[in-house]
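Take a look at this one; I'll ask things after.
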There are 2 protein chains.
Amino acid sequence: MDVNNLCLGVLCLGEASGYEIKKMFESAFSHFQAASFGSIYPALAKLTEAGLVSFREEPQEKRPNKKVFQITEPGRRQIMQKLASTEPADQYRSDFLVLMMFAHLLAPERLAEVFAQQAENLKTEIATLEKILQEGCHLTAGMRFTIEYGIAANQAIYRLMQTRKQTLLSEIKQEQDHREN
Amino acid sequence: MDVNNLCLGVLCLGEASGYEIKKMFESAFSHFQAASFGSIYPALAKLTEAGLVSFREEPQEKRPNKKVFQITEPGRRQIMQKLASTEPADQYRSDFLVLMMFAHLLAPERLAEVFAQQAENLKTEIATLEKILQEGCHLTAGMRFTIEYGIAANQAIYRLMQTRKQTLLSEIKQEQDHREN
DNA sequence: ACATACATGTAAATAGTTACATGATTTC
DNA sequence: GAAATCATGTAACTATTTACATGTATGT
(Lines give C-alpha, C1' and ligand atoms only; values in the text may rest on other atoms or scores of the structure.)
Protein backbone atom coordinates (compact mmCIF):
# COMPACT_ATOMS: atom_id res chain seq x y z
CA MET A 1 0.00 0.00 0.00
CA ASP A 2 1.52 3.32 -1.04
CA VAL A 3 1.70 6.55 0.96
CA ASN A 4 -1.10 8.15 -1.05
CA ASN A 5 -3.62 5.54 -0.04
CA LEU A 6 -2.33 5.33 3.51
CA CYS A 7 -2.98 9.07 3.85
CA LEU A 8 -6.51 8.57 2.55
CA GLY A 9 -6.98 5.81 5.10
CA VAL A 10 -5.79 7.98 7.96
CA LEU A 11 -8.08 10.80 6.82
CA CYS A 12 -11.03 8.39 7.04
CA LEU A 13 -10.45 8.44 10.80
CA GLY A 14 -10.82 12.23 10.88
CA GLU A 15 -9.26 15.40 9.51
CA ALA A 16 -5.55 15.95 10.06
CA SER A 17 -2.54 17.97 8.95
CA GLY A 18 0.50 16.47 7.26
CA TYR A 19 2.39 16.81 10.48
CA GLU A 20 -0.28 14.92 12.41
CA ILE A 21 -0.37 12.15 9.81
CA LYS A 22 3.38 11.76 10.25
CA LYS A 23 2.88 11.41 14.00
CA MET A 24 0.39 8.60 13.44
CA PHE A 25 2.96 6.78 11.33
CA GLU A 26 5.40 7.15 14.19
CA SER A 27 3.07 5.78 16.86
CA ALA A 28 0.19 3.47 15.98
CA PHE A 29 1.54 2.52 12.54
CA SER A 30 5.22 2.34 13.27
CA HIS A 31 5.55 -1.42 13.60
CA PHE A 32 4.22 -2.19 10.13
CA GLN A 33 4.51 0.93 7.98
CA ALA A 34 6.81 3.91 7.67
CA ALA A 35 6.57 7.25 5.91
CA SER A 36 8.63 10.40 6.03
CA PHE A 37 7.68 14.06 5.47
CA GLY A 38 9.34 13.79 2.09
CA SER A 39 6.66 11.35 0.98
CA ILE A 40 3.65 12.60 2.96
CA TYR A 41 3.65 16.25 1.83
CA PRO A 42 3.95 15.44 -1.87
CA ALA A 43 1.26 12.76 -1.43
CA LEU A 44 -1.17 15.27 0.10
CA ALA A 45 -0.42 17.75 -2.71
CA LYS A 46 -1.16 15.09 -5.32
CA LEU A 47 -4.35 13.99 -3.57
CA THR A 48 -5.53 17.60 -3.39
CA GLU A 49 -4.86 18.13 -7.09
CA ALA A 50 -6.80 14.95 -7.87
CA GLY A 51 -9.72 16.13 -5.72
CA LEU A 52 -9.47 13.17 -3.35
CA VAL A 53 -8.87 15.41 -0.35
CA SER A 54 -9.53 19.07 0.41
CA PHE A 55 -8.09 21.35 3.06
CA ARG A 56 -8.69 24.51 5.00
CA GLU A 57 -5.88 26.69 6.29
CA GLU A 58 -5.63 27.43 9.96
CA PRO A 59 -3.53 30.54 10.55
CA GLN A 60 -0.69 29.98 13.01
CA GLU A 61 1.34 32.63 14.68
CA LYS A 62 5.02 32.65 13.77
CA ARG A 63 4.73 29.38 11.93
CA PRO A 64 3.59 28.22 8.49
CA ASN A 65 -0.19 28.03 8.30
CA LYS A 66 -1.54 24.66 9.27
CA LYS A 67 -3.30 22.84 6.45
CA VAL A 68 -6.04 20.64 7.82
CA PHE A 69 -7.01 17.98 5.31
CA GLN A 70 -10.35 16.22 4.94
CA ILE A 71 -11.18 13.30 2.69
CA THR A 72 -13.72 13.99 -0.07
CA GLU A 73 -16.36 11.64 -1.46
CA PRO A 74 -14.19 10.61 -4.45
CA GLY A 75 -11.33 10.05 -2.01
CA ARG A 76 -13.48 7.85 0.15
CA ARG A 77 -14.54 5.87 -2.91
CA GLN A 78 -10.92 5.34 -3.92
CA ILE A 79 -9.72 4.10 -0.53
CA MET A 80 -12.75 1.80 -0.18
CA GLN A 81 -11.96 0.35 -3.59
CA LYS A 82 -8.30 -0.01 -2.68
CA LEU A 83 -9.10 -1.76 0.61
CA ALA A 84 -11.46 -4.08 -1.24
CA SER A 85 -8.80 -5.13 -3.75
CA THR A 86 -5.51 -5.15 -1.80
CA GLU A 87 -4.02 -8.57 -1.14
CA PRO A 88 -2.81 -9.23 2.43
CA ALA A 89 0.87 -9.54 1.47
CA ASP A 90 3.56 -9.01 4.07
CA GLN A 91 7.22 -8.33 3.69
CA TYR A 92 9.84 -8.46 6.33
CA ARG A 93 13.38 -7.16 5.94
CA SER A 94 15.75 -7.92 8.72
CA ASP A 95 19.37 -6.90 8.97
CA PHE A 96 19.47 -8.86 12.21
CA LEU A 97 18.71 -12.06 10.34
CA VAL A 98 21.24 -11.18 7.64
CA LEU A 99 23.77 -10.89 10.43
CA MET A 100 22.66 -14.25 11.86
CA MET A 101 22.81 -15.83 8.39
CA PHE A 102 26.48 -14.92 8.29
CA ALA A 103 27.05 -15.41 12.01
CA HIS A 104 30.07 -17.63 11.33
CA LEU A 105 31.83 -14.55 9.88
CA LEU A 106 31.34 -12.51 13.06
CA ALA A 107 33.69 -12.28 16.01
CA PRO A 108 32.13 -13.93 19.10
CA GLU A 109 31.90 -10.61 20.99
CA ARG A 110 30.30 -8.92 18.03
CA LEU A 111 27.77 -11.75 17.72
CA ALA A 112 26.90 -11.49 21.40
CA GLU A 113 26.55 -7.72 21.08
CA VAL A 114 24.26 -7.96 18.04
CA PHE A 115 22.17 -10.55 19.83
CA ALA A 116 21.85 -8.35 22.93
CA GLN A 117 20.99 -5.33 20.82
CA GLN A 118 18.21 -7.16 19.01
CA ALA A 119 16.79 -8.45 22.30
CA GLU A 120 16.84 -4.89 23.60
CA ASN A 121 15.07 -3.61 20.47
CA LEU A 122 12.38 -6.24 20.84
CA LYS A 123 11.80 -5.39 24.50
CA THR A 124 11.51 -1.69 23.69
CA GLU A 125 9.09 -2.41 20.86
CA ILE A 126 6.93 -4.61 23.08
CA ALA A 127 6.88 -1.95 25.79
CA THR A 128 5.90 0.75 23.29
CA LEU A 129 3.06 -1.34 21.91
CA GLU A 130 1.78 -2.29 25.35
CA LYS A 131 1.76 1.37 26.34
CA ILE A 132 -0.33 2.27 23.30
CA LEU A 133 -2.76 -0.55 24.16
CA GLN A 134 -3.17 0.62 27.73
CA GLU A 135 -3.45 4.34 27.05
CA GLY A 136 -5.44 4.23 23.85
CA CYS A 137 -9.08 4.29 24.77
CA HIS A 138 -9.91 5.75 21.35
CA LEU A 139 -8.48 2.77 19.46
CA THR A 140 -10.70 0.84 17.09
CA ALA A 141 -10.92 -2.94 17.39
CA GLY A 142 -8.83 -3.27 14.23
CA MET A 143 -6.08 -1.07 15.65
CA ARG A 144 -6.02 -3.00 18.90
CA PHE A 145 -5.59 -6.16 16.86
CA THR A 146 -2.63 -4.79 14.89
CA ILE A 147 -0.94 -3.95 18.17
CA GLU A 148 -1.63 -7.35 19.73
CA TYR A 149 -0.25 -8.86 16.53
CA GLY A 150 2.98 -6.93 16.92
CA ILE A 151 3.29 -7.88 20.58
CA ALA A 152 2.67 -11.58 19.88
CA ALA A 153 5.28 -11.73 17.13
CA ASN A 154 7.91 -9.84 19.10
CA GLN A 155 7.35 -11.86 22.26
CA ALA A 156 7.65 -15.16 20.41
CA ILE A 157 10.92 -14.04 18.86
CA TYR A 158 12.20 -12.74 22.16
CA ARG A 159 11.50 -16.06 23.83
CA LEU A 160 13.18 -17.99 21.03
CA MET A 161 16.24 -15.80 21.38
CA GLN A 162 16.45 -16.49 25.11
CA THR A 163 16.09 -20.25 24.78
CA ARG A 164 18.40 -20.57 21.78
CA LYS A 165 21.09 -18.06 22.72
CA GLN A 166 23.51 -20.44 24.41
CA THR A 167 23.21 -23.24 21.89
CA LEU A 168 23.57 -20.85 18.96
CA LEU A 169 26.71 -19.22 20.30
CA SER A 170 28.37 -22.56 21.00
CA GLU A 171 27.27 -24.09 17.69
CA ILE A 172 28.78 -21.18 15.82
CA LYS A 173 31.96 -21.33 17.84
CA GLN A 174 32.24 -25.01 16.89
CA GLU A 175 31.80 -24.21 13.21
CA GLN A 176 34.43 -21.50 13.37
CA ASP A 177 36.93 -23.79 15.13
CA HIS A 178 36.20 -26.47 12.57
CA ARG A 179 36.95 -24.08 9.68
CA GLU A 180 40.24 -23.04 11.16
CA ASN A 181 41.50 -26.61 11.23
CA MET B 1 21.79 -4.23 3.80
CA ASP B 2 21.84 -3.64 0.05
CA VAL B 3 21.91 -6.22 -2.75
CA ASN B 4 25.61 -5.62 -3.42
CA ASN B 5 26.64 -6.68 0.06
CA LEU B 6 24.12 -9.50 0.19
CA CYS B 7 25.70 -10.93 -2.96
CA LEU B 8 29.12 -10.69 -1.34
CA GLY B 9 27.73 -12.52 1.69
CA VAL B 10 26.30 -15.32 -0.42
CA LEU B 11 29.60 -15.65 -2.29
CA CYS B 12 31.36 -16.17 1.07
CA LEU B 13 29.46 -19.47 1.24
CA GLY B 14 30.93 -20.58 -2.09
CA GLU B 15 31.05 -19.62 -5.74
CA ALA B 16 27.76 -19.13 -7.58
CA SER B 17 26.17 -17.69 -10.69
CA GLY B 18 23.68 -14.82 -10.65
CA TYR B 19 20.91 -17.28 -11.29
CA GLU B 20 21.95 -19.43 -8.33
CA ILE B 21 22.14 -16.38 -6.05
CA LYS B 22 18.58 -15.54 -7.06
CA LYS B 23 17.52 -19.05 -6.10
CA MET B 24 19.04 -18.59 -2.65
CA PHE B 25 17.00 -15.43 -2.19
CA GLU B 26 13.91 -17.41 -3.12
CA SER B 27 14.55 -20.22 -0.67
CA ALA B 28 16.68 -19.75 2.43
CA PHE B 29 16.50 -15.94 2.37
CA SER B 30 12.95 -15.44 1.25
CA HIS B 31 11.38 -14.72 4.64
CA PHE B 32 13.60 -11.75 5.43
CA GLN B 33 15.12 -10.42 2.21
CA ALA B 34 14.13 -10.16 -1.43
CA ALA B 35 16.03 -9.44 -4.62
CA SER B 36 15.15 -9.69 -8.28
CA PHE B 37 17.31 -10.37 -11.35
CA GLY B 38 17.04 -6.69 -12.14
CA SER B 39 19.05 -5.89 -9.04
CA ILE B 40 21.33 -8.95 -8.81
CA TYR B 41 22.89 -8.81 -12.29
CA PRO B 42 23.76 -5.11 -12.12
CA ALA B 43 25.11 -5.68 -8.58
CA LEU B 44 27.45 -8.43 -9.80
CA ALA B 45 28.60 -6.23 -12.69
CA LYS B 46 29.39 -3.41 -10.28
CA LEU B 47 31.19 -5.73 -7.86
CA THR B 48 33.29 -7.13 -10.70
CA GLU B 49 34.22 -3.65 -11.88
CA ALA B 50 35.23 -2.76 -8.32
CA GLY B 51 37.36 -5.92 -8.06
CA LEU B 52 35.35 -7.30 -5.15
CA VAL B 53 34.39 -10.43 -7.08
CA SER B 54 35.81 -12.23 -10.10
CA PHE B 55 34.25 -14.79 -12.42
CA ARG B 56 35.03 -17.51 -14.87
CA GLU B 57 32.78 -18.38 -17.76
CA GLU B 58 31.43 -21.87 -18.12
CA PRO B 59 30.32 -22.52 -21.68
CA GLN B 60 26.76 -23.78 -21.94
CA GLU B 61 25.12 -25.34 -24.97
CA LYS B 62 22.29 -23.35 -26.48
CA ARG B 63 22.24 -20.95 -23.55
CA PRO B 64 24.15 -17.86 -22.45
CA ASN B 65 27.47 -18.81 -20.88
CA LYS B 66 27.25 -19.32 -17.16
CA LYS B 67 29.28 -16.82 -15.18
CA VAL B 68 30.49 -18.37 -11.97
CA PHE B 69 31.45 -15.70 -9.45
CA GLN B 70 33.97 -15.94 -6.62
CA ILE B 71 34.63 -13.41 -3.92
CA THR B 72 38.10 -11.81 -3.91
CA GLU B 73 40.20 -10.78 -0.92
CA PRO B 74 39.11 -7.11 -1.15
CA GLY B 75 35.52 -8.33 -1.42
CA ARG B 76 35.92 -10.46 1.67
CA ARG B 77 37.37 -7.49 3.53
CA GLN B 78 34.43 -5.32 2.53
CA ILE B 79 31.74 -7.77 3.63
CA MET B 80 33.53 -8.45 6.92
CA GLN B 81 33.65 -4.71 7.57
CA LYS B 82 29.98 -4.35 6.60
CA LEU B 83 28.94 -7.20 8.91
CA ALA B 84 30.97 -5.66 11.72
CA SER B 85 29.25 -2.28 11.40
CA THR B 86 25.66 -3.04 10.40
CA GLU B 87 23.06 -2.37 13.07
CA PRO B 88 20.46 -5.12 13.64
CA ALA B 89 17.52 -3.03 12.42
CA ASP B 90 14.35 -4.71 11.22
CA GLN B 91 11.51 -3.41 9.19
CA TYR B 92 8.18 -4.98 8.62
CA ARG B 93 5.64 -3.85 6.05
CA SER B 94 2.29 -5.49 6.18
CA ASP B 95 -0.64 -4.84 3.92
CA PHE B 96 -2.55 -7.31 6.06
CA LEU B 97 -2.18 -5.06 9.09
CA VAL B 98 -3.10 -2.00 7.01
CA LEU B 99 -6.28 -3.85 6.11
CA MET B 100 -6.88 -4.69 9.78
CA MET B 101 -6.19 -1.08 10.78
CA PHE B 102 -9.09 -0.08 8.55
CA ALA B 103 -11.12 -3.21 9.22
CA HIS B 104 -14.19 -1.12 10.06
CA LEU B 105 -14.25 0.01 6.41
CA LEU B 106 -14.37 -3.55 5.08
CA ALA B 107 -17.47 -5.60 4.32
CA PRO B 108 -17.76 -8.52 6.79
CA GLU B 109 -17.27 -11.12 4.03
CA ARG B 110 -14.21 -9.31 2.75
CA LEU B 111 -12.79 -9.12 6.26
CA ALA B 112 -13.31 -12.86 6.77
CA GLU B 113 -11.71 -13.57 3.38
CA VAL B 114 -8.65 -11.41 4.13
CA PHE B 115 -8.30 -13.09 7.49
CA ALA B 116 -8.49 -16.56 5.95
CA GLN B 117 -6.02 -15.62 3.25
CA GLN B 118 -3.48 -14.39 5.76
CA ALA B 119 -3.86 -17.54 7.87
CA GLU B 120 -3.29 -19.57 4.72
CA ASN B 121 -0.18 -17.55 3.85
CA LEU B 122 1.23 -18.10 7.32
CA LYS B 123 0.61 -21.84 7.17
CA THR B 124 2.33 -22.07 3.80
CA GLU B 125 5.28 -20.06 5.04
CA ILE B 126 5.64 -22.25 8.13
CA ALA B 127 5.50 -25.39 6.00
CA THR B 128 8.14 -24.03 3.60
CA LEU B 129 10.48 -23.15 6.43
CA GLU B 130 10.01 -26.49 8.18
CA LYS B 131 10.79 -28.27 4.94
CA ILE B 132 14.04 -26.35 4.55
CA LEU B 133 14.97 -27.21 8.16
CA GLN B 134 14.35 -30.91 7.64
CA GLU B 135 15.99 -31.25 4.24
CA GLY B 136 18.90 -28.91 4.71
CA CYS B 137 21.76 -30.90 6.13
CA HIS B 138 24.23 -28.35 4.72
CA LEU B 139 22.77 -25.46 6.70
CA THR B 140 25.01 -23.49 9.03
CA ALA B 141 23.91 -22.91 12.63
CA GLY B 142 23.14 -19.29 11.79
CA MET B 143 20.90 -20.28 8.89
CA ARG B 144 19.04 -22.79 11.01
CA PHE B 145 18.44 -20.03 13.54
CA THR B 146 17.01 -17.62 10.94
CA ILE B 147 14.57 -20.32 9.90
CA GLU B 148 13.54 -21.14 13.47
CA TYR B 149 13.06 -17.41 13.98
CA GLY B 150 10.68 -17.24 11.03
CA ILE B 151 8.76 -20.27 12.21
CA ALA B 152 8.40 -18.93 15.76
CA ALA B 153 7.11 -15.56 14.60
CA ASN B 154 4.67 -17.00 12.09
CA GLN B 155 3.35 -19.59 14.53
CA ALA B 156 2.76 -17.00 17.24
CA ILE B 157 0.82 -14.83 14.81
CA TYR B 158 -1.13 -17.79 13.49
CA ARG B 159 -2.16 -18.74 17.02
CA LEU B 160 -3.18 -15.18 17.84
CA MET B 161 -5.32 -15.08 14.73
CA GLN B 162 -7.11 -18.28 15.70
CA THR B 163 -7.83 -17.17 19.25
CA ARG B 164 -8.83 -13.62 18.33
CA LYS B 165 -10.76 -14.27 15.12
CA GLN B 166 -14.25 -14.50 16.59
CA THR B 167 -13.92 -11.60 19.01
CA LEU B 168 -12.37 -9.37 16.35
CA LEU B 169 -15.11 -10.02 13.81
CA SER B 170 -17.85 -9.33 16.34
CA GLU B 171 -16.12 -6.26 17.79
CA ILE B 172 -15.84 -4.78 14.32
CA LYS B 173 -19.42 -5.62 13.49
CA GLN B 174 -20.46 -3.79 16.65
CA GLU B 175 -18.44 -0.74 15.68
CA GLN B 176 -19.95 -0.71 12.22
CA ASP B 177 -23.51 -1.00 13.58
CA HIS B 178 -22.73 1.76 16.02
CA ARG B 179 -21.59 4.07 13.23
CA GLU B 180 -24.69 3.48 11.18
CA ASN B 181 -26.96 4.61 14.01
C1' DA C 1 23.78 25.56 24.53
C1' DC C 2 21.13 21.89 22.56
C1' DA C 3 17.43 19.07 21.41
C1' DT C 4 12.64 18.58 20.54
C1' DA C 5 8.12 20.01 19.08
C1' DC C 6 5.67 22.59 15.97
C1' DA C 7 4.82 23.42 10.70
C1' DT C 8 5.54 23.35 5.63
C1' DG C 9 7.83 22.13 1.60
C1' DT C 10 11.54 20.85 -2.37
C1' DA C 11 15.33 18.49 -4.86
C1' DA C 12 18.68 15.25 -5.41
C1' DA C 13 19.90 10.80 -4.68
C1' DT C 14 18.97 5.96 -3.75
C1' DA C 15 17.35 1.63 -4.53
C1' DG C 16 14.73 -1.18 -6.26
C1' DT C 17 10.88 -3.55 -9.29
C1' DT C 18 8.68 -4.73 -13.59
C1' DA C 19 8.74 -5.70 -18.08
C1' DC C 20 11.21 -6.69 -21.97
C1' DA C 21 14.58 -9.29 -25.04
C1' DT C 22 16.41 -14.04 -26.33
C1' DG C 23 15.92 -18.99 -26.57
C1' DA C 24 16.41 -24.34 -25.78
C1' DT C 25 14.65 -28.14 -22.79
C1' DT C 26 11.76 -30.48 -19.92
C1' DT C 27 7.65 -31.37 -17.33
C1' DC C 28 2.44 -31.19 -16.75
C1' DG D 1 0.03 -26.32 -25.69
C1' DA D 2 1.47 -24.02 -21.59
C1' DA D 3 4.38 -23.32 -17.93
C1' DA D 4 8.59 -23.91 -15.50
C1' DT D 5 13.75 -24.27 -15.42
C1' DC D 6 17.88 -22.70 -17.00
C1' DA D 7 20.71 -18.36 -18.18
C1' DT D 8 21.97 -13.45 -19.03
C1' DG D 9 21.10 -8.76 -19.30
C1' DT D 10 18.93 -3.72 -20.05
C1' DA D 11 15.80 0.24 -19.62
C1' DA D 12 12.09 2.61 -18.02
C1' DC D 13 9.65 3.43 -14.15
C1' DT D 14 8.27 3.75 -9.23
C1' DA D 15 8.60 4.98 -4.70
C1' DT D 16 10.93 6.53 -1.17
C1' DT D 17 14.57 8.50 1.82
C1' DT D 18 17.82 12.04 3.08
C1' DA D 19 19.16 16.42 3.34
C1' DC D 20 18.17 20.96 2.83
C1' DA D 21 15.53 25.47 3.57
C1' DT D 22 13.01 28.39 7.14
C1' DG D 23 11.78 29.79 11.77
C1' DT D 24 9.70 30.17 16.85
C1' DA D 25 8.93 28.28 21.40
C1' DT D 26 9.80 25.35 25.07
C1' DG D 27 12.01 22.21 27.83
C1' DT D 28 16.73 20.03 29.70
Side-chain angles (χ1 to χ4, degrees), chain A residues 1-8 10 15-27 29-30 32-50 53 55-69 82 86-87 89-95 98, chain B residues 1-8 10 15-27 29-30 32-50 53 55-69 82 86-87 89-95 98:
Chain A
M1 187 87 83
D2 58 26
V3 176
N4 279 39
N5 282 296
L6 287 170
C7 286
L8 285 181
V10 171
E15 54 175 37
S17 66
Y19 192 86
E20 287 161 353
I21 291 173
K22 174 78 197 308
K23 275 200 300 185
M24 288 215 59
F25 276 104
E26 277 167 0
S27 60
F29 270 122
S30 65
F32 63 94
Q33 285 294 330
S36 61
F37 284 129
S39 60
I40 291 172
Y41 284 121
L44 289 169
K46 242 187 256 174
L47 291 170
T48 303
E49 211 181 342
V53 303
F55 67 90
R56 64 185 149 75
E57 271 184 285
E58 277 186 9
Q60 303 277 119
E61 282 156 36
K62 310 275 188 180
R63 236 173 246 186
N65 286 351
K66 190 170 172 176
K67 286 187 178 178
V68 181
F69 291 87
K82 187 79 186 175
T86 296
E87 295 294 303
D90 291 21
Q91 61 173 90
Y92 177 59
R93 298 203 162 215
S94 171
D95 277 358
V98 171
Chain B
M1 188 88 84
D2 58 26
V3 176
N4 278 40
N5 283 298
L6 287 171
C7 286
L8 284 181
V10 171
E15 54 177 35
S17 66
Y19 192 85
E20 285 161 354
I21 291 172
K22 175 77 197 310
K23 275 201 300 185
M24 289 215 59
F25 277 104
E26 278 168 359
S27 60
F29 271 120
S30 66
F32 63 94
Q33 285 293 332
S36 61
F37 285 129
S39 58
I40 292 172
Y41 285 121
L44 289 169
K46 244 188 256 173
L47 291 169
T48 304
E49 210 181 344
V53 303
F55 66 90
R56 66 184 147 77
E57 271 184 284
E58 277 186 9
Q60 304 276 119
E61 283 156 34
K62 311 273 189 178
R63 237 174 246 184
N65 287 351
K66 192 171 171 176
K67 287 186 178 179
V68 181
F69 291 87
K82 188 78 186 175
T86 296
E87 294 296 302
D90 292 19
Q91 61 171 93
Y92 176 60
R93 298 204 161 214
S94 172
D95 277 357
V98 171

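In what follows, every chain begins at residue 1, and chains take the letters A, B, ... in the order their sequences are listed.
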query = Where each residue is assigned the nucleotide of DNA chain D containing its nearest heavy atom, which of B:R93 and B:F69 is assigned the position nearer the 5′ end?
reply = B:F69

ask   = Quick check, are the ring centers of A:F55 and A:F69 under 6.0 angstrom apart?
value = yes

task = Would you please name every residue forming a side chain to side chain donor-acceptor pair (under 3.5 Å) with B:E49, sequence neighbours left out?
result = none

ask   = Any side-chain N or O of A:S39 under 4.0 Å from OP1/OP2 of D:dT17?
value = yes

message = Would the distance check show the side chain of B:T86 and the main-chain N or O of B:K82 forming a donor-acceptor pair, the cut-off being under 3.5 Å?
response = yes

query = Could you state the OH-P distance from B:Y41 to D:dT10, rounded to the nearest angstrom?
reply =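 Going from OH in B:Y41 over to P in D:dT10 covers 11 Å.
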
ask   = So do the side chains of A:K46 and A:V3 get within less than 4.5 Å of each other, counting heavy atoms only?
value = no

query = Can you tell me how far C1' of D:dA4 sits from NZ of B:K23, to the nearest Å?
reply = 13 Å

query = Given atom CG of A:L44 and atom C1' of C:dG9, what is their separation to the nearest angstrom?
reply =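 Taking atom C1' of C:dG9 as the reference, CG of A:L44 is at 11 Å.
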
ask   = Given D:dT17, is OP1 or OP2 found less than 4.0 Å from the side-chain N or O atoms of A:S36?
value =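 Checking A:S36 against D:dT17: at least one side-chain N or O falls below 4.0 Å of OP1 or OP2.
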
note = Rounded to whole Å, CZ of A:R63 lies from P of C:dA7 at a distance of 5 Å

Among D:dA15, D:dT8, D:dT24, the one nearest B:K66 by side-chain distance = D:dT8

request  = Would you mind reading off the distance between A:K67 atom NZ and C:dC6 atom C1', rounded to a whole angstrom?
outcome  = 16 Å

key: Rounded interatomic separation in angstrom, taking NZ from A:K22 and P from C:dA7   = 14 Å

ask   = In whole angstroms, how far is the C1' atom of D:dT17 from the CD1 atom of A:I40?
value = 12 Å

remark   = Rounded to whole Å, the CD-C1' distance (A:Q60 to D:dA25) equals 13 Å

